[in-house]
Amino acid sequence: MELVKEILKIIDIMTAAYLIYYMITGLFILKTKKEILKSDVKKKFAILVPARNEEMVIGNLLKSLKKQNYPKSNYDIFVISNNCIDKTKEVAIENGANVIECIGDVKSKGEALRFALNRLDCEVYDAYIVFDADNIIHPKFINNMNNVLCNGYEVAQGFRDSKNPSDTWISSCYSIHYLVHNTFLNRARMNMDKSSFINGTGFMISKKFIEKYGYNSKTLTEDIELTAKCAMNYEQVAFVEGAITYDEQVTTFKESWKQRMRWSIGTNQCFKLYFTKLMKKGIKDKKIVCIDSAIFLSSVIIQFITAISYVCHFFINLLQGNVLNNIKILSLIIVYFTSIVVAIFSVKLNKKHIRHYIKGIITLPIFIISWIPINVIACFKRQGKWDKIEHTRNISIDKMLEVNLK
């Protein structure tokens, strides 16, 4: 019993250190933002949109890309049709996009991107920007990414916002999740002059980066894997707040479970591939970017160990006749109210209206707790599959901008 208690103490210390680390790095949102100089040079971009049966929403993405305040001759749009059986291809052509049709067994977004990159004439473009088919894009997106590219960054992540924060409590929680990610992870690291995290959509990769390192994702989470590769090669990922992508969030718990399970399994796959390499390189070369990325990859494992720790504490207290451990109860209460405060702070700091996010603010602790069983299960699953998420939120960029002003 004493040995178990000692092990639990070590786990508690490790968990506390993990939380303190993110609290400290999060404080850098208070630091003056790093300035990105505007450039008169206009680079040429290939816009890549992997799509599988997205006829309902892809039209509005393509229309929003046409409304960019960037020279139309300096960007081409490619819809990567991944074995579509609906009218995705036809809608893409109607809206002036080029279509790359995937051939063979292409199972994921990462594989679709690799397929397209292998077929594009890389000499024509200076960089690639990746969007999901359900996105709509702020008119200044490409121009802001161009400024970052001209400032010497080879990889950049835009601001991931939401199309439907008030649809359901699930979509509201997702929307807050991304505001927190934008604020306390990416903005903080950009202010620290450190590497931010690529976050699924609305990101840019330069031609030089592809030529040096290629694009060959091996996991379910190509964005997290790309972030790890950037850290391994000391390539700083810029965070571009003015490059805004409005993303459709899932609205049901069932869809959320499937999506988050894929994320957790993919994060674990990246952990197994890169954690040790990142730690060794970070310690040897004294590079905080490697350590930071390794800590991020350990998130699923940390939550799994923490969950086991709480269960063990409960049974020990039960055997000792002290079921209600005051310290553990107090820590849960603190976590509950802290999550609500962080949610409100993130919404207000990003100049959003509380009423659009109230469902998520109230239920965010439940959303966070629901991630525990997902991460526990993910630790026992080596492989997962890319389940398509249905997208139906048909909204134009003009309407989206109008809603955000109200």
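None of the values given here were measured: they were computed from a predicted structure. Position 1 is the first residue of the sequence, and the numbers go up from there.
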Please determine if Lys207 and Asp126 form a salt bridge, counting it only when a charged side-chain N lies under 4.0 Å from a carboxylate O. no
Interatomic distance, Ile224 atom CD1 to Glu222 atom CD [nearest 0.5 angstrom]: 9.0 Å
Compute whether any side-chain donor of one residue and acceptor of the other, for Tyr174 and Ser256, lie under 3.5 angstrom apart. yes
Nearest 0.5 angstrom please: Ile198 CD1 to Asp223 CG, how far? 7.5 Å
ring-ring contact (aromatic ring centres under 6.0 Å, His included) pairs touching residues 80-111, sequence neighbours excluded, are none
Under 3.5 Å, side chain of Asp132 to main-chain N/O of Thr201, donor-acceptor pair present? no
Mind checking ring pair (Phe, Tyr, Trp, His ring centres under 6.0 Å) for Tyr22 and listing every partner two or more places apart, or none if nothing turns up? Tyr18
Rounded distance (nearest 0.5 Å) linking atom CD1 of Ile100 with atom CG of Leu113: 10.0 Å
Between Thr219 and Glu225, is any side-chain donor less than 3.5 angstrom from a side-chain acceptor? yes
Cut-off 3.5 Å, side chains only: do Ser39 and Asn147 have a donor facing an acceptor? no
Donor-acceptor check, side chain of Ser339 to backbone of Tyr336, threshold 3.5 angstrom: yes or no? yes
Could you give the distance from NZ (Lys63) to CD1 (Ile136), rounded to the nearest 0.5 Å? 12.0 Å
Side chain Thr88, main chain Glu54, donor-acceptor under 3.5 Å: yes
For residues 91-124, which residue pairs pass the ring-ring contact (aromatic ring centres under 6.0 Å, His included) check, not counting sequence neighbours? none
Could you tell me if Asn350 and Thr183 have a donor-acceptor pair between their side chains, going purely by distance under 3.5 Å? yes
Those residues at least two apart in sequence (or on a different chain) that pass ring pair (Phe, Tyr, Trp, His ring centres under 6.0 Å) with Phe45 are Tyr70
Is Arg114 close enough and on-axis enough to Tyr215, meaning under 6.0 Å and within 45°, for cation-pi? no
Please round to the nearest 0.5 Å and tell me the distance separating atom CD1 of Ile397 and atom CG of Leu65. 9.5 Å
Restricting to salt bridge (Lys or Arg N to Asp or Glu O under 4.0 Å), what partner residues turn up for Asp285, sequence neighbours left out? none
Lys87 atom NZ, neighbour heavy-atom count above 12 within 6.0 Å: no
Listed once per pair and sorted, the salt bridge (charged side-chain N to carboxylate O under 4.0 Å, His left out) pairs that draw on residues 90-102, sequence neighbours left out: Lys89-Glu101
Sequence-distant partners of Lys280, salt bridge (Lys or Arg N to Asp or Glu O under 4.0 Å), two or more places apart: none
Any side-chain donor paired with an acceptor under 3.5 Å for Asn375 and Ser264? yes
For the residue pair Asp247 and Thr245, confirm or rule out a side-chain donor-acceptor distance under 3.5 Å. no
Counting distance only, does the side-chain N/O of Ser195 pair as donor-acceptor with the main-chain N or O of Val237 below 3.5 Å? yes
Across all chains, not counting sequence neighbours, the ring pair (Phe, Tyr, Trp, His ring centres under 6.0 Å) partners of Tyr274 are none
Those residues at least two apart in sequence (or on a different chain) that pass salt bridge (Lys or Arg N to Asp or Glu O under 4.0 Å) with Lys272 are none
Test: Lys44 and Asp76 ion pair at under 4.0 Å: yes
Less than 3.5 Å apart, which donor and acceptor atoms pair up between the side chains of residues 363-370 and the rest of the protein, not counting sequence neighbours?
residue : atom : partner : partner atom : Å
Thr363  : OG1  : Lys359  : O            : 2.7
Ser370  : OG   : Arg260  : NH1          : 3.1
Ser370  : OG   : Arg260  : NH2          : 3.1
Ser370  : OG   : Phe367  : O            : 2.6

N/O donor-acceptor pair under 3.5 Å between Thr168 side chain and Thr251 backbone: yes
Does the pair Arg189 and Asp292 meet the rule for a salt bridge (charged side-chain N to carboxylate O under 4.0 Å, His left out), with working shown? CA-CA 10 Å; Arg189 278 156 182 75; Asp292 187 46; 2.7 Å; yes
Does the pair Asp134 and Lys163 meet the rule for a salt bridge (charged side-chain N to carboxylate O under 4.0 Å, His left out), with working shown? CA-CA 9 Å; Asp134 60 288; Lys163 289 161 67 174; 5.2 Å; no
Is the side chain of Thr252 donor-acceptor paired with the backbone N or O of Glu255 at a distance under 3.5 Å, no angle test? yes
Aromatic Tyr234 / basic Lys287 pairing, under 6.0 angstrom, 45° off normal: yes
Could you go through Thr15 and Thr306, starting from their C-alpha distance and side-chain angles, then the distance that decides it, and tell me whether this counts as side chain to side chain donor-acceptor pair (under 3.5 Å)? CA-CA 7 Å; Thr15 303; Thr306 303; 3.2 Å; yes
Quick one: list whatever passes side-chain hydrogen bond (donor to acceptor under 3.5 Å, both in side chains) with Asn182, sequence neighbours left out. none
Exceeds 12 heavy-atom contacts within 6.0 angstrom, atom CD1 of Ile85: no
What distance separates Thr227 OG1 from Phe203 CZ, expressed to the nearest 0.5 Å? 8.5 Å
Tell me if a side-chain donor or acceptor on Asn186 pairs with a main-chain N or O of Phe239 at a distance below 3.5 Å. no
Between Thr267 and Trp263, is there a donor-acceptor pair closer than 3.5 Å when you use the side chain of the first and the backbone of the second? yes
How are the rings of His181 and Phe296 set relative to one another: parallel (under 30°), tilted (30 to 60°) or perpendicular (over 60°)? perpendicular
Which pairs count as ring-ring contact (aromatic ring centres under 6.0 Å, His included) when at least one residue sits in residues 133-168, sequence neighbours excluded? Phe131-Phe141
Hey, does the side chain of Asn144 reach the backbone of Lys140 with a donor-acceptor pair shorter than 3.5 angstrom? yes
Treating Gln249 as the side-chain partner and Ser175 as the backbone partner, does any N or O pair qualify as donor plus acceptor under 3.5 Å? no
Does Lys212, at its NZ atom, have more than 12 non-hydrogen atoms belonging to other residues, nucleotides or ligands within less than 6.0 Å? yes
